[in-house]
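Here is the structure we will look at.
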Amino acid sequence: MLMSQLYAPTLRETPAEAEIASHRYMLRAGLIRRTAAGIYSYLPLGLKVIRKVEAIIREEMNRIGCQEVLMPIVQPSELWHETGRWADYGPEMFRLVDRNNREFCLGPTHEELITALIRSEVRSYRQLPLRLYQIQNKYRDEIRPRFGLIRGREFIMKDMYSFDRDEEGLNNAYWDAYHAYERIFARCGLKTRPVEADSGAIGGDETHEFMVLADSGEALIVYCPDCDYAANVERAEYRFVSQKNEAAPLELEEVATPNAATIAEITAFLGVEAADCLKTLIYVADGKPVAALVRGDHELNEIKLQKVLGCQTLELAGPDIIERVTGAPVGFAGPVGLEVPIIADRCVMDMVNCVAGANKADYHLKNVNIGRDFNVTTTADIRMVEEGDLCPKCGTAMDSARGIEVGQVFKLGTKYSAALKATFLDENGKEQPLIMGCYGIGVGRTVAAIIEQHHDENGIKWPMSVAPYHVIVVPVSIKDEKQAQAAEEIYTALQAAGVEVVLDDRNERPGVKFKDADLIGFPIRITIGPKSLENGNAEITLRQTGERFEKPISEITDYVLGLIEG
RNA sequence: CGGGGCGUGGCGCAGUUUGGCUAGCGCGCCUGCCUUGGGAGCAGGAGGCCGGAGGUUCAAAUCCUCUCGCCCCGACCA
């Protein structure tokens with residue numbers, strides 16, 4: 001490919017919309033262009049990288065016995081009604097009607113479709129196990145698309161689905177996929193960390209997310225520096241050690257705290273520690289108000305609370321409900337005298353003489369004590385794990401980090417097969433629901449994550465395995481006959497050897513060509529300049545390390561092939 | 001959905017508070033000259049109904065109303 005022909009419109013300046021490195025460089029290097037919020041066009045270089053990642057995914061999926069299929073983007077509402085997700089998915093689903101007023105959606109995922117696809121064909125245990133995957137666009141009308149390809153409304157996803165006769169089969173599929181994912185991300189040059197995660201709305205039991213550690217990541221994870229425990233904070237647990245405060249209970253006291261509603265304001269006003277305050281949050285669970293208690297310096301984990309309550313919906317109560325339940329405006333809720341169920345975090349049980357809202361405007365209570373002043377309905381772990389909490393497996397203090405979720409593996413069980421009546425007959429002729437798993441990889445997000453881990457102030461530093469081209473050949477001056485000739489010669493030889501190579505044949509000053517080469521991130525740059533050329537040499541510069549050295553032109557091809565092989 | 005902000009040539013911005021000549025600057029783009037080891041220089045040029053609609057006014061990028069789009073924070077979310 002000639003640089004003068006390559007459609008890679010690079011930008012000197014950063015478009016205002018881009019915040020993080022991957023987004024900036026994808027725009028600046030001419031990989032993508034925005035079409036609408038969260039919707040992008042892939043330009044030639046961007047598409048090439050996407051295709052390379054897809055090729056790696058295909059190889060590893062095929063290796064564990066998966067077969068590729070392709071399912072439609074436009075999906076009829078009927079199937080979604082069968083699983084109840086037409087209603088559950090809510091405004092995140094792109095919906096449309098055809099000319100006959102039939103309802104469709106743009107598929108946000110494909111569990112319904114794949115299950116319906118195989119339910120009429122798979123009848124016997126002899127047809128199992130079955131593993132099917134596709135690489136297809138997905139559509140989710142995200143509340144807030146951001147960071148370019150990291151969170152788009154249209155995105156490319158590899159989704160694999162496994163169908164087994166029993167738990168053992170599902171387990172095999174799950175761990176096969178897990179290990180395939182480790183190989184896929186490693187081959188993409190990514191350092192990932194599998195973490196235990198919450199299964200969320202998709203349903204199911206065991207699940208891991210594959211996180212690319214990056215400060216720009218949207219997910220927060222905690223991990224143990226000593227053992228292999230790592231989890232999304234949504235799901236993370238910790239080793240609880242009770243540290244009962246043995247102080248004698250003091251007399252309950254009401255104090256005026258005008259305009260002090262938040263924990264920060266209370267601690268400043270009363271001169272107490274946040275750890276001695278009770279945070280009382282009023283929630284509405286399946287329509288009924290409940291109170292949740294956590295220590296003032298802790299954060300409530302809504303997912304844990306929802307599990308404890310076993311409710312379908314859970315949301316923070318609005319000001320009107322809070323006022324009705326507590327008799328006070330927002331900021332003065334406390335457990336004393338509340339008539340709704342009280343769920344307390346287990347850390348709360350160790351607290352003595354705490355500060356809590358008085359359920360009365362501009363008043364708090366001091367020396368509140370559990371058992372004496374109020375009783376809790378349930379005690380459970382309902383708080384967010386923090387850095388420094390002890391590892392649930394080995395007890396070491398845990399660290400935290402941010403991550404980009406590039407893949408996830410789920411054990412679905414029979415949720416979809418039961419709803420969609422996808423069954424098979426076992427050896428005893430008995431009808432059983434298929435045991436399913438599903439396994440996703442965000443392809444565009446993976447590409448963005450690669451850039452997050454491989455860039456510097458000049459641009460992208462592609463790992464060889466996913467680089468859009470391996471090599472760029474840059475003559476310092478194309479007008480110099482000797483240089484042009486040598487460049488052409490090297491270019492032709494590399495092409496003949498199967499190397500993916502670009503020749504920068506533009507009549508530009510060398511600085512411009514070097515800057516573009518760095519920005520686009522070719523792993524190998526071969527520079528042909530007057531000095532080295534006199535000795536029959538060309539100069540090789542490696543983008544990853546910045547190393548540069550001269551090689552005789554006749555040896556360039558073999559040398560480059562060696563670099564590409566790794 | 002709540003809060004904040006932004007829409008002015010392809011990109012980055014100024015001008016808007018206090019209405020007033022022909023709407024400006026940098027980059028990019030085109031032509032020519034020149035230059036060629038890290039985004040050169042000179043000369044000439046193209047390109048904008050100032051997001052859209054309505055209103056106020058002698059006069060609107062600028063003031064008012066309505067709308068559409070986008071970005072950031074939050075809530076939310078495989």
- Query: Under 3.5 Å, side chain of Asp345(A) to main-chain N/O of Met384(A), donor-acceptor pair present?
  - Reply: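 Absent.
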
- Do Tyr416(A) and Arg85(A) have side-chain N/O donor and acceptor atoms under 3.5 Å apart? yes

- Query: Would you say the side-chain atoms of Glu154(A) and Tyr139(A) include a donor-acceptor pair closer than 3.5 Å?
  - Reply: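 Side-chain D/A pair, Glu154(A) to Tyr139(A): present.
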
- What distance separates Asp516(A) CG from Met3(A) CE, expressed to the nearest 0.5 Å?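 Answer for the CG-CE pair, Asp516(A) versus Met3(A), is 5.0 Å.
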
- How far apart are the C-alpha atoms of Tyr439(A) and Tyr133(A), what are their side-chain angles, what is the distance that settles it, and do they pass the ring-ring contact (aromatic ring centres under 6.0 Å, His included) test? CA-CA 9 Å; Tyr439(A) 316 86; Tyr133(A) 75 100; over 10 Å; no

Can you confirm whether [X] sits close enough to [Y] that some side-chain heavy atom of one is under 4.5 Å from a side-chain heavy atom of the other?
X	Y	result
Tyr42(A)	Leu149(A)	yes
Val222(A)	Glu387(A)	no
Leu213(A)	Lys191(A)	no

Contact class for [X] vs. all strands (heavy atom < 4.0 Å): base, sugar-phosphate, or nothing?
X	answer
Glu508(A)	base
Lys479(A)	base
Gly529(A)	base
Phe155(A)	base
Pro9(A)	nothing
Arg151(A)	base
Ser532(A)	base
Glu302(A)	sugar-phosphate

Measure from the side chain of [X], starting at C-beta and using heavy atoms only, and say which of [options] lies closest.
X	options	result
Glu17(A)	A40(B), C71(B), G38(B)	C71(B)
Arg509(A)	G38(B), U35(B), G74(B)	U35(B)
Arg146(A)	U35(B), C71(B), C73(B)	C73(B)
Glu13(A)	G37(B), C71(B), G26(B)	G26(B)
Ala37(A)	C70(B), C72(B), G37(B)	C70(B)
Val476(A)	G74(B), G38(B), G37(B)	G37(B)
Lys531(A)	G37(B), C73(B), U36(B)	G37(B)
Arg144(A)	U36(B), A75(B), G37(B)	A75(B)

Rounded distance (Å) that lies between atom [atom2] of [N] and atom [atom1] of [X]:
X	N	atom1	atom2	result
Phe514(A)	A40(B)	CZ	C1'	15 Å
Glu550(A)	G37(B)	CD	C1'	12 Å
Glu142(A)	C72(B)	CD	C1'	17 Å
Ile39(A)	C70(B)	CD1	P	9 Å
Asp504(A)	U36(B)	CG	C1'	13 Å
Ile404(A)	C77(B)	CD1	C1'	17 Å
Asp516(A)	G28(B)	CG	P	12 Å
Asn507(A)	C33(B)	CG	C1'	13 Å

- 5'-most contact on RNA chain B: Arg506(A) or Pro15(A), nearest heavy atom basis?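 Going by which nucleotide is closer to the 5' end, it is Pro15(A).
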
Can you tell me the Watson-Crick or wobble partner of [N], both distances under 3.5 angstrom?
N	answer
G44(B)	C30(B)
G24(B)	C13(B)
C63(B)	G55(B)
G7(B)	C68(B)

Under 3.5 Å donor-acceptor pair, [X] side-chain atoms to [N] base atoms:
X	N	answer
Arg525(A)	G38(B)	yes
Arg28(A)	G39(B)	yes
Arg12(A)	C11(B)	no
Glu539(A)	G37(B)	yes

Atom [atom1], compared across [N] and [M]: separation rounded to whole Å:
N	M	atom1	answer
G7(B)	G54(B)	P	22 Å
G19(B)	C58(B)	P	15 Å
C68(B)	A53(B)	C1'	10 Å
G26(B)	G45(B)	P	15 Å
C71(B)	C33(B)	P	44 Å
G69(B)	A23(B)	P	30 Å
C13(B)	U22(B)	P	29 Å
G44(B)	C49(B)	P	26 Å

- Taking the six-membered ring of Phe155(A), is NZ or CZ of Lys138(A) closer than 6.0 Å to its centre and within 45° of its axis? no

